[in-house]
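In listed order, ligands and their atoms are each counted from 1. Source: prediction; values computed, not measured. Along the sequence shown, the residues carry numbers beginning at 1.
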Amino acid sequence: MLDHPVMLEASSAVSQLATSSSPGPHVEAITAEKQRLRGIWVPVVTPFKDGSLDVTALRHLAQQLVNSGVHGLVACSTTGEFGSLSTTEKLTIIEVLLEITDTQIPVLMGLNGFGTADLIQQANMLQQYDIFGFLMAPPPFVKPSQTGLIRHFNLVADSVNKPIVLYNVPSRCGVALELDTLKALAGHPHIIGLKESSGSLHNLVQAIAHTPLNVMCGDDALLLSAMQYGASGAISAAAHINTDVFVSIYELMHTGQLAAAKKHFTPYEQLIALLFRETNPAPLKALLAHQRLVEAELRLPLSNVSVALEKELVSTFEQLAQGSSTMR
Ligand SMILES: O=C(O)C1=N[C@H](C(=O)O)C[C@H](O)C1
């Protein structure tokens with residue numbers, strides 16, 4: 001792969017950056033951006049129709065999320081089926097989300113790949129867009145050591161002039177970002193946050209207590225507990241559904257109204273469990289298709305949920321809709 005001229009360039013950038021780690025003049029701006037990493041951020045599903053990117057549905061869905069008061073959007077994350085998207089499709093998605101948010105709401109971009117040099121190259125191309133920053137997990141399948149991860153993330157962070165939000169999701173990556181690794185990475189001026197999706201409240205609390213990172217809950221079922229312990233908000237796939245309710249829950253928690261937040265959140269617990277019973281985003285797409293927001297179409301190897309789960313999702317959603325007139 002390194003024979004390609006662009007890859008050679010990126011590889012030499014890696015060697016140069018390995019010895020330097022000086023923050024640039026944009027560091028103060030990045031510190032200000034940290035204030036924006038809060039609230040309910042939605043990792044937007046990628047709508048497909050007859051095998052192609054459904055730009056009309058994406059535009060409509062994004063507009064609906066913005067109208068519902070969401071604090072940020074994430075493009076091309078796990079929920080966005082990044083692994084099945086071409087570079088051209090990723091750029092179209094970014095363009096659509098930036099057009100709809102019109103600089104009013106930050107858009108984070110999933111930065112995914114296997115090798116450091118490749119990620120640096122991708123990041124340099126993507127940062128020409130007016131995105132907020134990058135959401136970055138450890139490379140899946142590779143299982144680097146924690147030392148390797150620290151060098152990897154620092155080199156990518158050195159090469160960009162935008163914020164990076166780390167993404168701890170060992171179930172998908174095969175390796176965790178351990179606390180000492182987070183502490184080390186938090187020293188980089190561009191690394192401002194963590195999406196904690198290990199499913200462990202303990203890990204989330206440790207990251208909040210021992211690092212300066214803004215910690216976003218990445219496990220929808222833990223939203224309330226995470227915020228009780230000081231999470232800045234959530235990057236929540238479930239918040240595609242009745243987004244305004246999730247925004248209200250965040251606002252209530254943010255203002256210390258736990259009982260009221262609980263009253264809103266409890267009815268959603270069953271729906272959240274169903275949304276993750278089969279691999280996200282298949283259940284979510286089934287429910288969004290029921291709402292006629294997207295087609296129930298995924299790209300292989302992801303496939304549609306079972307008929308039984310689809311029925312359960314729809315009936316749980318309808319029950320929520322019936323109860324919502326009193327809750328909203
Ligand atoms: O794509 C995301 O961002 C999220 N992905 C998680 C997953 O699919 O494992 C779930 C979380 O709600 C957000």
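Heavy-atom contacts of Gly218 reach the following atoms of ligand 1: 11 (C) (cutoff under 4.0 Å). Residue Ile235 has at least one heavy-atom neighbour below 4.0 Å for each of these atoms of ligand 1: 3 (O), 11 (C), 12 (O), 13 (C). When each atom of ligand 1 is checked for a heavy atom of Phe276 under 4.0 Å away, the hits are 10 (C), 12 (O). For ligand 1, the atoms closer than 4.0 angstrom to any heavy atom of Pro43 are 1 (O), 2 (C), 3 (O), 13 (C).
At a 4.0 Å cut-off, not a single heavy atom of Ser197 sits close enough to ligand 1 to count as contact. In this structure, Asp220 is part of the shell of residues with a heavy atom less than 4.0 angstrom from ligand 1.
How far CG of Leu135 is from CG of Asn112: 7.5 Å, rounded to the nearest 0.5 Å.
Residue Leu97 comes nearest to Ala62 through the heavy atom pair CD2-CB, 3.7 Å, listed as atom of the first residue, atom of the second, then distance. Of all the heavy atoms in Leu222 and Cys217, the pair that sits closest is C-SG, 3.9 Å.
Of the candidates Arg172, His240, Glu81, the one placing a heavy atom closest to atom 9 (O) of ligand 1 is Arg172.
Listed for the Glu81 side chain is no donor-acceptor partner under 3.5 Å among the backbone atoms of Cys76.
Taking the ring centroids of Trp41 and Phe132, they lie under the 6.0 Å cut-off. Aromatic pair His71/Tyr250: ring centres closer than 6.0 Å.
Of all protein heavy atoms, the one closest to atom 5 (N) of ligand 1 is Thr78 OG1, 2.9 Å. Among protein heavy atoms, atom 6 (C) of ligand 1 sits closest to Tyr167 OH, 3.6 Å. Of the protein's heavy atoms, Lys195 NZ, 2.4 Å lies nearest to atom 3 (O) of ligand 1.
The N/O atoms of Ala237, backbone and side chain alike, include one that comes under 3.5 Å of an N/O atom in ligand 1. Here's the thing with Ser77: one of its N/O atoms is less than 3.5 angstrom from an N/O atom of ligand 1.
A donor-acceptor pair shorter than 3.5 Å cannot be found between the side chains of His240 and Gln64.
Applying the side chain to side chain donor-acceptor pair (under 3.5 Å) test between Asn124 and each of Gln128, Gln121, Gln127 identifies Gln127 as the sole match.
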